[in-house]
Amino acid sequence: MKITLNRINDDFLFECTNSQGNSILLDNTSQPGAKGVSPMESVLMAVAGCSGIDVVAILKKQRQEITGFQAEVEGERIPVDDAKPFKSIKVRFFLEGNIDPKKALKAAQLSFEKYCSVSKTLEPNVEIGYEVLVNGEKV
């Protein structure tokens, strides 16, 4: 796996591109007019995307009918020397459709405990929690 990062303005805007040519913009969001996400926001996005792919894949294999899927991710940061790494991350999945709530909860559990490479990478240093809501009801 390899990405390239190219600076695309005179400040802090970077384009990150993968080997397939897909890209995202990273920027210093503490500056006015930022045009990309911060690197730390991209970490939260990666947790959401990785676990989201897992949950949807697991539920599709179980023939669950997903008509809506959304995730919200919040990260709590703590100062460590001059950096502010994440102390904890909480993911909330909002699923809609003809979905067995127990299967949805099990899919999230499997993602975080077994499959999600992003959360497994962060896990030694970051507490990661999750909640699942199916059709507006917390499971």
Side-chain angles (χ1 to χ4, degrees):
M1 182 180 300
K2 179 180 176 181
I3 64 109
T4 58
L5 180 136
N6 291 303
R7 186 173 177 213
I8 59 174
N9 70 4
D10 291 337
D11 287 319
F12 309 104
L13 185 61
F14 297 95
E15 181 180 40
C16 296
T17 307
N18 70 5
S19 59
Q20 296 175 330
N22 301 311
S23 62
I24 64 168
L25 296 178
L26 297 178
D27 206 345
N28 181 349
T29 57
S30 67
Q31 301 294 310
K35 296 190 180 0
V37 298
S38 76
M40 292 301 280
E41 289 169 333
S42 74
V43 171
L44 297 181
M45 291 176 178
V47 170
C50 185
S51 60
I53 289 169
D54 291 340
V55 170
V56 169
I58 291 165
L59 291 175
K60 285 182 81 152
K61 284 180 184 175
Q62 296 175 338
R63 302 193 189 281
Q64 300 298 294
E65 187 180 320
I66 306 166
T67 59
F69 182 93
Q70 183 178 358
E72 291 179 356
V73 185
E74 293 182 65
E76 180 185 352
R77 297 171 70 181
I78 55 167
V80 175
D81 298 322
D82 291 330
K84 290 195 300 187
F86 287 115
K87 173 186 177 186
S88 64
I89 293 174
K90 175 110 183 229
V91 182
R92 282 184 196 86
F93 294 110
F94 300 88
L95 292 98
E96 298 289 330
N98 188 10
I99 302 165
D100 181 332
K102 290 178 184 173
K103 289 183 178 183
L105 184 61
K106 183 66 174 176
Q109 177 187 8
L110 284 169
S111 175
F112 288 107
E113 292 180 5
K114 188 173 183 182
Y115 297 119
C116 180
S117 299
V118 176
S119 65
K120 290 305 233 179
T121 299
L122 299 171
E123 191 177 77
N125 299 307
V126 181
E127 178 186 323
I128 299 178
Y130 59 91
E131 286 182 352
V132 177
L133 291 91
V134 176
N135 298 318
E137 298 290 322
K138 186 175 173 183
V139 181

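Numbering of residues begins at 1 and proceeds along the displayed sequence. This one's a predicted model, so the numbers in the text were calculated from it and none came from an experiment. Values below: all heavy atoms of this structure, side chains included; hydrogens, waters and symmetry mates excluded.
The two residues Leu110 and Ile58 have their closest heavy-atom pair at CB-CD1, 4.0 Å. Residues Phe86 and Val126 come closest through the heavy atom pair O-CG2, 3.4 Å. Heavy atoms only, all atoms of each residue included: Ile3 and Asn18 are closest at CG2-CA, 4.3 Å.
Considering OG of Ser119 and CD of Glu113, their distance stands at 10.0 Å, rounded to 0.5 Å. Between the OG1 atom in Thr29 and the CD atom in Glu41 there is a gap of 4.5 Å [rounded to 0.5 Å].
Using modelled atom types, one side-chain atom of Thr121 and one backbone atom of Ser117 make a donor-acceptor pair closer than 3.5 Å. Between the side chain of Thr67 and the main chain of Glu96, a donor-acceptor pair closer than 3.5 Å is present. Asp27 contributes no side-chain N or O that, together with a main-chain N or O of Ala34, makes up a donor-acceptor pair within less than 3.5 Å. Of the possible polar contacts, one joining the Gln64 side chain to the Asp100 backbone as a donor-acceptor pair under 3.5 Å is found.
Side-chain contact check for Ser30 and Asn28: at least one donor-acceptor pair (N or O, by modelled atom type) lies under 3.5 Å.
Summarising the local packing, NZ of Lys120 is surrounded by more than 12 heavy atoms from other residues, nucleotides or ligands at distances under 6.0 Å.
Ring orientation note: the planes of Phe93 and Phe112 are tilted relative to one another, at an angle of 30° to 60°.
Looking at Val55 and Val132, their side chains never come closer than 4.5 Å, going by heavy atoms from C-beta outward.
Partners of Lys138 under the side-chain contact (heavy atoms from CB on, under 4.5 Å) rule, at least two apart in sequence or in another chain, are Glu131, Leu133.
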Under 3.5 Å, which donor-acceptor pairs link side chains of residues 74-83 to any protein atom two or more places apart or in another chain?
{"from": "Glu74", "atom 1": "OE2", "to": "Arg92", "atom 2": "NH1", "distance (Å)": "2.9"}
{"from": "Glu76", "atom 1": "OE1", "to": "Ser88", "atom 2": "OG", "distance (Å)": "3.4"}
{"from": "Arg77", "atom 1": "NE", "to": "Lys84", "atom 2": "O", "distance (Å)": "2.6"}
{"from": "Arg77", "atom 1": "NH2", "to": "Lys84", "atom 2": "O", "distance (Å)": "3.0"}

